[in-house]
Amino acid sequence: MKTIANYDLMEVISEDNKDTINFNHSSGKVTFVLTFKGEEITIDSAYWRHLGYGGAIKGDQAKLWKIFNQKIKKKLN
């Protein structure tokens, strides 16, 4: 079953054991695809899109996820 939730900072699309999280900003977005296996969560892939251009995020996706996680927590407080 597919569930879509829209928040001010992001959109979350949940389906089976996978979540797609889109962080929207002025002219683009960053997307993370997360997979759940039991208690473990892994980042399957990460993408960026800006003004019609985009691609896969190479490198330390976990560090980028931590930055966005901090932004989420700041927005909630």
Side-chain angles (χ1 to χ4, degrees):
M1 182 174 174
K2 189 175 195 176
T3 304
I4 300 173
N6 287 303
Y7 303 97
D8 184 36
L9 179 65
M10 65 184 173
E11 171 189 65
V12 179
I13 303 168
S14 298
E15 191 169 13
D16 299 327
N17 67 333
K18 193 175 283 190
D19 282 357
T20 302
I21 302 173
N22 296 309
F23 292 96
N24 300 308
H25 54 88
S26 60
S27 59
K29 68 180 175 180
V30 174
T31 300
F32 287 96
V33 180
L34 307 176
T35 302
F36 301 90
K37 290 183 183 177
E39 296 292 318
E40 190 175 317
I41 302 171
T42 57
I43 300 171
D44 270 358
S45 54
Y47 304 92
W48 64 275
R49 177 163 292 287
H50 181 73
L51 296 174
Y53 296 95
I57 296 173
K58 305 280 189 224
D60 193 352
Q61 296 172 356
K63 182 178 179 185
L64 185 60
W65 173 254
K66 286 179 187 177
I67 292 168
F68 280 105
N69 194 24
Q70 289 171 352
K71 288 185 179 192
I72 292 168
K73 288 179 182 178
K74 187 186 244 184
K75 185 81 171 177
L76 293 174
N77 291 331

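Throughout, numbering of the chain's residues begins at 1 and tracks the sequence. Only this structure's heavy atoms are used, side chains among them; waters, hydrogens and symmetry mates stay out.
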Strictly by salt bridge (Lys or Arg N to Asp or Glu O under 4.0 Å), give each pair with a member in residues 46-55 just once, sequence neighbours left out. none

Residues that E15 engages under side-chain contact (heavy atoms from CB on, under 4.5 Å), provided they are two or more places apart: K2

Closest approach of Y53 and W48, non-hydrogen atoms and distance? O-CZ3, 3.6 Å

Enter the distance from T31:OG1 to N24:CG here, rounded to the nearest 0.5 Å. 8.0 Å

Distance, nearest 0.5 Å, that separates CG of L34 from OG1 of T20: 8.0 Å

Any pair counted as salt bridge (Lys or Arg N to Asp or Glu O under 4.0 Å), so long as it reaches residues 21-44, sequence neighbours left out: K18-D44

Working to the nearest 0.5 angstrom, can you tell me the gap between D19 CG and I41 CD1? 8.5 Å

Counting only heavy atoms not in F36, do more than 12 fall under 6.0 Å of its CZ? yes

Joint hydrophobic cluster, F32 plus V12, side-chain heavy atoms closer than 4.5 Å: yes

In terms of hydrophobic clusters joined by side-chain contacts under 4.5 Å, are M10 and Y47 together? no

